[in-house]
Undergrad: 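Structure in structure tokens, see below.
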Amino acid sequence: MKSVYLLTVLAPLIGAAIAGLAGHRIGRRAAATVTVGAVALAAGLSLYVLYQHVWGGAPVFNETLYRWASVGGLHLEVGFLVDRLTALMMVVVTSVSLAVHVYTIGYMHDDAGYQRFFSFINLFTFSMLMLVMANNFLQLFFGWEAVGLVSYLLIGFWYRKESAIFANLKAFLVNRVGDFGFLLGIAAVLMHYGSLDYAEVFAAAGDAPDLTMNLFGTEALVATVAALLLFIGAMGKSAQVPLHVWLPDSMEGPTPISALIHAATMVTAGIFLVARMSPVFELSETALSVVLVLGAITALFMGLVGLVQTDIKRVIAYSTLSQLGYMFVALGASAYAAGVFHLMTHAFFKALLFLGAGAVIVALHHEQDMRRMGNLRRYLPITHITMLLGTLALVGTPFFSGYYSKDVIIEAVHYADRTGAGFAYLAVLLGVFITALYSFRLYFLVFWGEERLDPHAKAHIEHLPRYVLPVMEWPLIALAVPSVIIGYFTIEPMLFGGFFGNAIQVLPANDVLATKGESFHGPFAFGLHAAVNPAFWLAVAGAVTAWYLYVRRPDLLPGINQRFAPVIAVLQRKYGFDDLYNSGFAGGGRLLGRGLWRVGDQGIIDGVLVNGTARTVGRVAAVIRGFQSGYLFHYAFVMIIGLLVLLTVFVGTWRGWF
């Protein structure tokens, strides 16, 4: 199996190297063939790995492949840990990546950076696989930073576009804040548990659950400090409040990137990290409560911002923020399996929604404002149907994948006995209504109502090359299938059948899924349970409200907008986070730097120390130059004056005058 794991990881890396280094020589078609083939191979091997670990009896693989360096007793290594959690993540990463690669053939068909784009997305797949397959913190950090680097390159792919460059710089800087905490967390783990290897760290943490450290003069639980610092890294990568501001702006990149990185895979790295670190997080009630509350805040308040967005991609982006909040809520409630389950189902239907939005954008010649769409089901029937299925999955329609994963999270929080659980339960319940409202608002504005296309967009959609939409629609169909059915077939083994084994560890007192499992009687009965489930009726209320306001009575909207203008203004300003960061931190930093430059650099260093010293030397030299006339009588006069001064001092000292 070791060769299978290596080939799975290396195939996308080789594809990235060929497309990136020789793309212009081999041509567009060959570059696309190589990179799509590489990811298809990785996806096929990932499915084989999952099959072997679930049904084939393959043991957990945990081996070092390469030792980079040894410092004392510390070994810096590259190695793989492949268990069922890893295998599931490998399948999610490679399958969504494959759909995005195929979709890109159509979406980027006339872009000058065609080969470069394929190289980047292959490189991203390699980086993400290195992250999820790591068996130690060093390799984890490598994959963590590598996906951040590729994200930076892809968000700013259209580097001549000023807004794209601003967005990728913003993503880079915000993630550096999270990564600083992440690096401190790794340092705390190494310092107190004595290793970077997962298995050794988990064993050391379990052996000393009450181990403390001195922090700012107080005793703090090592597990709490390490977990919170690692969670800061997860907050940055998975865009949780207050480190969420980069993700909506990342929509400046091409739409396939929105699906691959910012909906289905990279932003879920933080979810995977917390689930993988469950043996450490379980030792700290404080850390779990922080995860729970921040996830609930993100789920509720980012969903509200999605209600006022008019850009089709940004609505889905804020939906991603909200759904990531749901996943963290599950992790904070110790329902790690539920969080990973929602990660999997969400990856498919959110990638579907992003790619569907991309099909709409391409068809309308890069129009993204939903107010200039309407009635597109007439022109894009397959996109319409698949996006409807994705929307139904997202809002939690019974028997769709999103229903199973989201409803389990809501019930897990309801059962949780932890600080912040009451607030979190209320937040995720309200979030169901909000999710349905903004999701169906998007659906009705884009595909129903009156046609609001401008003549240029209408001409473009009617004369779009025939091959473009089909190559983009096949991935939509492929993603729609798991969006509908995968939750039904996987909820029982993943949540109540011990699917993850020892990959996820939960203390018996915290196992809310075990409590829920006592009343679970199969996926069909769970779907029927929606009839008495408040979350289902909240979703229905949100969908009906959207239909009434955006299809039946759109004339009511101006009055509603006027009445709630202050609230809408707050939501449109995204609660002021961008203003705080742009004007406060970034603007304040520039102002401080400008002040230090003018006062410190120009005024003191250049003005006084450097130029001032030079001017002083020049003035003294000018005075001294006056004595260097070259006339002998001038020098004799100075010597006589000097002699008189010396005699005066000598006589005065002898006489006691001085």
Side-chain angles (χ1 to χ4, degrees), residues 292 295-296 299-300 303 322-323 325-327 329-346 348-350 388-418 421-437 439-440 481-500 506 510-546:
L292 180 69
L300 176 60
S322 181
Q323 296 307 304
Y326 273 86
M327 297 176 207
V329 165
L331 299 175
S334 292
Y336 303 96
V340 176
F341 183 48
H342 194 49
L343 181 159
M344 177 192 69
T345 62
H346 174 266
F348 293 112
F349 58 72
K350 187 53 63 69
L388 174 59
L389 293 175
T391 300
L392 291 172
L394 173 60
V395 303
T397 305
F399 302 105
F400 281 66
S401 297
Y403 167 76
Y404 292 104
S405 57
K406 186 185 290 185
D407 199 67
V408 166
I409 291 174
I410 294 171
E411 294 203 27
V413 178
H414 183 59
Y415 289 134
D417 183 17
R418 179 162 293 145
F423 164 74
Y425 179 66
L426 180 62
V428 294
L429 266 183
L430 292 175
V432 172
F433 172 80
I434 295 165
T435 300
L437 182 55
S439 298
F440 277 99
V481 174
S483 297
V484 175
I485 67 172
I486 198 169
Y488 183 92
F489 291 104
T490 57
I491 180 174
E492 188 164 2
M494 285 188 65
L495 299 188
F496 311 113
F499 175 87
F500 293 107
V506 185
N510 294 339
D511 197 351
V512 291
L513 289 180
T515 304
K516 173 60 185 171
E518 295 173 0
S519 60
F520 182 80
H521 301 292
F524 186 76
F526 193 84
L528 294 178
H529 179 67
V532 294
N533 193 331
F536 167 70
W537 295 109
L538 284 169
V540 171
V544 171
T545 303

Undergrad: Within the side chain of Thr545, is there an N or O that forms a donor-acceptor pair under 3.5 Å with the backbone of Ala541?
TA: yes

Undergrad: Who passes side-chain hydrogen bond (donor to acceptor under 3.5 Å, both in side chains) against Tyr403, sequence neighbours left out?
TA: none

Undergrad: Specify the closest pair of heavy atoms between Phe496 and Leu513, including all atoms of both residues, with the distance to one decimal.
TA: CE2-O, 3.6 Å

Undergrad: Within the side chain of Tyr425, is there an N or O that forms a donor-acceptor pair under 3.5 Å with the backbone of Ile410?
TA: no

Undergrad: So do Glu492 and Pro523 actually touch side chain to side chain, heavy atoms under 4.5 Å?
TA: yes

Undergrad: State, with a plain yes or no, whether a side-chain heavy atom of Thr490 is found less than 4.5 Å away from one of Met344.
TA: yes

Undergrad: Sequence neighbours excluded and cut-off under 3.5 Å, please list the side-chain donor-acceptor pairs for residues 524-533, or say none.
TA:
{"unit_1": "Asn533", "atom_1": "OD1", "unit_2": "Ala535", "atom_2": "N", "d": "3.0"}
{"unit_1": "Asn533", "atom_1": "ND2", "unit_2": "Asp407", "atom_2": "OD1", "d": "2.4"}
{"unit_1": "Asn533", "atom_1": "ND2", "unit_2": "Asp407", "atom_2": "OD2", "d": "3.0"}

Undergrad: Side chains of Val484 and Phe349: closer than 4.5 Å at any heavy-atom pair?
TA: no

Undergrad: As an exercise, state the distance from CD1 of Ile434 to CG of Leu429, rounded to the nearest 0.5 Å.
TA: 11.0 Å

Undergrad: Provide the closest heavy-atom pair for Val395 versus Val432 in the form atom of the first, atom of the second, distance.
TA: O-CG1, 4.5 Å

Undergrad: Less than 4.5 Å apart, any side-chain heavy atom of Ser334 and any of Tyr336?
TA: yes

Undergrad: For a quick test of reading the model, state the closest non-hydrogen atom pair linking Ala296 to Val329 and the distance between them.
TA: N-CG2, 3.3 Å

Undergrad: What is the ring orientation for Phe399 with Tyr404, classed by angle as parallel under 30°, tilted 30 to 60°, or perpendicular over 60°?
TA: perpendicular

Undergrad: Report yes or no: do Thr345 and Ser401 form a side-chain donor-acceptor pair below 3.5 Å?
TA: no

Undergrad: Side-chain contact test, heavy atoms from C-beta onward, threshold under 4.5 Å: evaluate it for Val540 versus Phe433 and give yes or no.
TA: no

Undergrad: Measure across Gly332 and Arg418 and return the closest heavy-atom pair with its distance rounded to 0.1 Å.
TA: O-NH1, 2.6 Å

Undergrad: Closest approach of Lys406 and Thr435, non-hydrogen atoms and distance?
TA: NZ-CG2, 3.7 Å

Undergrad: Only one of Ser483, Ser322, Ser439 passes side chain to side chain contact (heavy atoms under 4.5 Å, CB included) with Leu394; say which it is.
TA: Ser439

Undergrad: Which heavy-atom pair separates Phe499 from Pro493 by the least distance, and what is that distance?
TA: CB-O, 3.0 Å

Undergrad: Could you walk me through whether Leu392 and Phe440 pass side-chain contact (heavy atoms from CB on, under 4.5 Å), step by step?
TA: CA-CA 9 Å; Leu392 291 172; Phe440 277 99; 3.8 Å; yes

